[in-house]
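Worksheet for the structure shown next.
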Amino acid sequence: MNNQSKEIFDLIEKEKIRQENTIELIASENFCSKAIRDACGSVLTNKYAEGYPQKRYYSGCEFVDDIEAIAIDSAKKLFKCDFANVQPHSGSNANIISYFSFLNSGDKILGLSLDCGGHLTHGFKLNFSGTNYEAFQYTTDQDGFLDYDQILKQAQEIKPKMIVCGASAYPRKIDFKKFREIADSCNAYLMADMAHIAGLVATDLHMSPIPFADVITSTTHKTLRGPRGGFILSNKENEEKINKAAFPGFQGGPLEHIIAGKAICFIEAMDLSFVEYQKQVLKNAKILEQELLNYGFDLVTGGTDNHLLLVDLRKKNISGKKAQTLLESVGVSVNKNSIPNDPKSAMVTSGIRIGTPAITTRGCKEEEMKIIAKYINAVLSNPEDLDLHNKIKQEIKELLKNFPTP
Ligand SMILES: Cc1ncc(COP(=O)(O)O)c(C=O)c1O
């Protein structure tokens, strides 16, 4: 090992220790299994495989062909659909590829605005989705709920070619059937980005978008607990245009090491233990909801029925940015997040987003959620009390020793 790689491995070790000593509540993060990490760090990274199984532009693809075919079949089985493309390098790529498949530059799209919980790729003005397409945005109502009647009205006025549903920071269930009806009312395609809730969808704990959307995109690394990456689902009839849009349309060689990790992720998600895990993710979010409400925190929409909560900190007189920094200093990782009609900028915000997927993977249950809520309240209610913060930091380290990372 030369000095430079030693430096990198030292940093990786430090990151490992940081992860071990942190209560990870970032709603989009998780800990994938060792098997998935091994696949992602395997010799498959050496292999070029432009094209698709049995239709490659390079020799020596017999084994990666089998791996990618297993990933595709497992994704189709898990989500009960008849087409999957597992090549998108990320969730954003999956979204770009889906737009490329169904739209032309300049077409109208209608998606949830970033400050109401949407993703950058759903039409934000600084993102390709907002510059390459004529993007319109719907918002949530003043309590933070999707207002389907309002979205219907907007869709009929705008007549977008595609409606995008799905979110990055929405604590409630999404009614994909209603979105289908809205899309049908203006003859639009429906794209469902289930990145955040894929694990809940896979285990039937959240309505599946599969029967309703023309195209479904996702990441593998959030609730689904796989490697960092994306995938697309649809019907057989859209196979050719989506595959062409992914390669050669938008990407070059697929990341077969990550695809191997995705295959393991889909297979793991078919295990009964994964259903139990997702149920615990929901239970843990509910306990956090109750505890935080008891401590006097406001929650956007009043609570949660998925894996995340949006805490409105205005009443507590602390910004999302400050809360994030304070919590990080004791070993609790959350992210600052805008709340609907946030008076503060996106860099400061009035809220934080809290999610339970990662901490549940470590085995934390109801009792630990109560302790975590107590720490969050203690730190945010006593922002200047450094002695208290140090004490909590030590207690968190001790607590986490009982909950190893995979
Ligand atoms: C709903 C949604 N879609 C897409 C993405 C993008 O995924 P990636 O970061 O892998 O590009 C995210 C990421 O946070 C997301 O929340």
Side-chain angles (χ1 to χ4, degrees), residues 24-30 32 36 40 85-101 109-124 126-130 133 135 137-140 146 162-174 176 179 190-202 206-209 213 215-233 246 250-251 254-255 258-259 261-262 265 281 304 306-310 333-338 346 349 351-358:
E24 186 52 74
L25 298 176
I26 293 180
S28 48
E29 295 192 10
N30 212 331
C32 69
I36 291 176
C40 295
N85 184 308
V86 296
Q87 293 196 355
H89 301 334
S90 68
S92 299
N93 281 23
N95 288 348
I96 301 178
I97 291 163
S98 296
Y99 294 147
F100 271 22
S101 309
I109 62 169
L110 175 62
L112 179 60
S113 74
L114 188 62
D115 52 350
C116 288
H119 189 256
L120 295 167
T121 55
H122 296 181
F124 181 59
L126 299 179
N127 184 263
F128 78 93
S129 56
Y133 303 100
Q137 305 264 267
Y138 54 90
T139 56
T140 49
L146 287 170
M162 180 180 267
I163 293 177
V164 182
C165 59
S168 298
Y170 187 65
R172 296 294 178 176
K173 292 204 164 139
I174 298 173
F176 295 113
F179 269 109
L190 180 63
M191 176 174 126
D193 177 347
M194 63 168 185
H196 258 267
I197 54 168
L200 298 170
V201 170
H206 190 295
M207 177 194 268
S208 170
V215 59
I216 298 97
T217 58
S218 185
T219 54
T220 30
H221 49 270
K222 299 185 173 85
T223 47
L224 199 51
R225 209 164 66 178
R228 191 158 291 281
F231 63 102
I232 301 173
L233 306 174
F250 185 68
Q251 293 186 166
L255 311 178
I258 304 296
I259 289 174
K262 289 175 190 173
C265 153
V281 166
T304 177
N306 61 19
H307 61 297
L308 68 86
L309 303 102
L310 261 183
S333 183
V334 301
N335 65 283
K336 62 176 184 260
N337 211 103
S338 298
T349 79
I352 49 173
R353 188 183 62 161
I354 296 184
T356 51

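Indexing begins at 1, ligand by ligand and atom by atom, following the structure's order.
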*asked:* If I take atom CD from residue Gln87 and atom CG from residue Leu255, how far apart are they, to the nearest 0.5 angstrom?
replied: 9.0 Å

_Rounded distance (nearest 0.5 Å) linking atom CG of Leu120 with atom OG of Ser168_ = 7.5 Å

*Pick, from Ile26, Asp193, Thr220, the option with the minimum heavy-atom distance to atom 3 (N) of ligand 1.*
Asp193

_Test item: side-chain donor near acceptor, Ser338 and Asp115, under 3.5 Å_ = no

*Could you establish whether Arg228 and ligand 1 come within less than 4.0 Å of each other, counting only heavy atoms on the residue side?*
no

_Aromatic ring pairing Phe176/His206, orientation class (parallel under 30°, perpendicular over 60°, tilted between)_ = tilted

*Look at the aromatic rings of Phe128 and Tyr133 and report parallel, tilted or perpendicular, splitting at 30° and 60°.*
perpendicular

*Between His196 and ligand 1, which residue portion shows a heavy-atom distance shorter than 4.0 Å: side chain, backbone, both, or neither?*
side chain

*Counting heavy atoms only, which part of Ala94 comes closer than 4.0 Å to ligand 1: side chain, backbone, both or neither?*
neither

*Within the structure, does Ser168 bring an N/O atom to less than 3.5 angstrom of an N/O atom in ligand 1?*
yes

*Going by atom types alone, do Asn335 and Arg353 pair a side-chain donor with an acceptor below 3.5 Å?*
yes

*Atoms of ligand 1 close to Thr219 [distance to a heavy atom under 4.0 angstrom, numbered from 1]*: 7 (O), 10 (O)

*asked:* I'd like to know whether ligand 1 has Gly230 as a neighbour, heavy-atom separation below 4.0 Å.
replied: no

*Find all atoms of ligand 1 within a distance of less than 4.0 Å from any non-hydrogen atom belonging to Ala167, and give their numbers and elements.*
1 (C)

*Any nitrogen or oxygen of Lys222, main chain or side chain, under 3.5 Å from a nitrogen or oxygen of ligand 1?*
yes

_Under a plain distance cut-off of 3.5 Å, with no hydrogens placed, do Thr349 and Asn337 share a side-chain donor-acceptor pair?_
no

*Side-chain H-bond candidate by donor/acceptor type, Asp193 with His122, under 3.5 Å*: yes

*asked:* Geometry only, no angles: is Ser92 polar-contacting ligand 1 at N/O separations under 3.5 Å?
replied: yes

*Nearest neighbour of atom 10 (O) of ligand 1 from the list Gly166, Gly118, Gly91, Cys165, on a heavy-atom basis*: Gly91

